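For the numbers below, each heavy atom of this structure counts, side chains included, while hydrogens, waters and symmetry mates do not. Small disclaimer: the values here were computed from a predicted structure and weren't measured.
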Amino acid sequence: MRVCGLILVAALFCWPGSVLADASEQARLERGEVIIHRVVVPGSEMPEAVVRGVVEAPPARVWAVIDQCARYPGRLPRVKAARELSRKGNVVICDVTIDMPFPFSDLRAKTRAVHTVRKDYFQRAWNLIEGDFKHNRGSWTFTPFAANTRRTLAVYRVHALPNTPVPIWLQRKASETTLPKLFKALRKASRGR
């Protein structure tokens, strides 16, 4: 699907939130499913996507995949270019370009991310500074899955609306395939470290 890349963009920019799954989701996560929920955002036609999945690696190893945005090309789907512009304490400014399929132009986003690193808890929460979006915010959060420090519950939250004239229904449909692919890439990159 040509608009899959639009949804992937959402996967690169995040919003902090709950990382807890209910009992029925716990079993699905245990089986390796990637679970996607939609959350209504007041005043926006585009819902927030909340995606959960388990990565067979410790949280610190999964965090290493997301911590440095300059390493996203080749690790995360459709990331054409990425540069870390600055890092001061726990605040990281990144510039990322997403390779969009024809006939769409590539999308660029300069974001300000706050990195929170504690024992067995890692989060990258970002907001758009400038770029090809009306709004773009989200987060990656990594914690042990089911108290097992060798497995990670990865939670990705994103609310992004590109300036590209693609119908909202089509963006939502594309996310059903793009977001699981993002988790597949995260799992692969985490194993390769």
Side-chain angles (χ1 to χ4, degrees), residues 7-21 29 34 37 39 41 44 48-98 107-162 179 182-183 185-193:
I7 306 309
L8 172 65
V9 169
L12 298 175
F13 311 93
C14 303
W15 185 249
S18 170
V19 297
L20 301 175
L29 291 167
V34 173
H37 290 287
V39 178
V41 176
S44 177
E48 177 185 47
V50 181
V51 188
R52 292 179 172 88
V54 173
V55 180
E56 298 297 332
R61 185 180 295 174
V62 182
W63 172 250
V65 175
I66 298 299
D67 177 48
Q68 297 179 6
C69 62
R71 301 173 104 187
Y72 292 175
R75 284 187 172 180
L76 300 178
R78 292 201 175 282
V79 177
K80 182 176 184 177
R83 293 183 304 138
E84 183 174 303
L85 302 177
S86 69
R87 184 179 291 245
K88 295 179 183 170
N90 68 336
V91 176
V92 181
I93 308 296
C94 289
D95 192 275
V96 177
T97 302
I98 301 299
L107 295 173
R108 183 190 147 268
K110 180 179 176 183
T111 59
R112 177 186 185 275
V114 175
H115 289 196
T116 303
V117 177
R118 295 192 296 260
K119 183 180 185 321
D120 295 331
Y121 179 91
F122 302 84
Q123 184 180 71
R124 180 179 199 279
W126 68 85
N127 281 292
L128 181 69
I129 296 172
E130 64 180 29
D132 300 319
F133 293 85
K134 293 177 184 172
H135 53 264
N136 188 327
R137 66 180 184 223
S139 65
W140 277 108
T141 304
F142 307 120
T143 57
F145 176 66
N148 183 342
T149 58
R150 290 184 282 173
R151 302 177 79 196
T152 299
L153 173 62
V155 179
Y156 176 73
R157 298 181 71 106
V158 64
H159 182 235
L161 186 59
L179 292 172
L182 177 65
F183 269 68
L186 180 68
R187 288 168 171 163
K188 180 179 178 183
S190 297
R191 281 193 310 266
R193 294 200 50 78

Which atom pair, heavy atoms only, marks the closest approach of Pro144 to Asp120?
CD-O, 3.1 Å

For His135, enumerate each residue passing the ring-ring contact (aromatic ring centres under 6.0 Å, His included) test, keeping only those at least two apart in sequence or located in another chain.
His159

Who are the ring-ring contact (aromatic ring centres under 6.0 Å, His included) partners of Phe145, not counting sequence neighbours?
none

Might you point out which heavy atoms bring Val55 and Ala154 nearest each other, and give the distance in Å?
CG2-CB, 4.2 Å

Any side-chain heavy-atom pair of Thr111 and Val96 under 4.5 Å
no

Supply the atom-to-atom distance Arg157 CZ to Arg137 CZ, rounded to the nearest 0.5 angstrom.
9.5 Å

Using the side-chain contact (heavy atoms from CB on, under 4.5 Å) rule, take Leu186 and Phe142 through it: C-alpha gap first, then chi angles, then the decisive distance, then the call.
CA-CA 12 Å; Leu186 180 68; Phe142 307 120; 4.0 Å; yes

Applying salt bridge (Lys or Arg N to Asp or Glu O under 4.0 Å) to Arg150 and not counting sequence neighbours gives none

If you define the side chain from C-beta out and look only at heavy atoms, does anything of Leu179 sit under 4.5 Å from Val34?
no

Is any side-chain heavy atom of Ile66 less than 4.5 Å from a side-chain heavy atom of Tyr72?
yes

Counterpart residues, side chain to side chain donor-acceptor pair (under 3.5 Å), relative to Glu56 (two or more places apart):
Arg151

Candidate pair Val79 and Ile98, rule side-chain contact (heavy atoms from CB on, under 4.5 Å), full reasoning:
CA-CA 5 Å; Val79 177; Ile98 301 299; 4.0 Å; yes

List in chain and number order the residues that pass salt bridge (Lys or Arg N to Asp or Glu O under 4.0 Å) with Lys134, two or more places apart in sequence or in another chain; answer none if no residue qualifies.
none

Return the set of residues passing salt bridge (Lys or Arg N to Asp or Glu O under 4.0 Å) with Arg87 (not counting sequence neighbours), or none when no residue passes.
Asp67, Glu84

Do Pro58 and Thr149 have side chains that get closer than 4.5 Å, going by heavy atoms?
no

Stepwise side-chain contact (heavy atoms from CB on, under 4.5 Å) test for Arg52 and His37
CA-CA 9 Å; Arg52 292 179 172 88; His37 290 287; 3.7 Å; yes

May I ask you to test the Pro59-Thr143 pair for a side-chain heavy-atom distance under 4.5 Å?
no

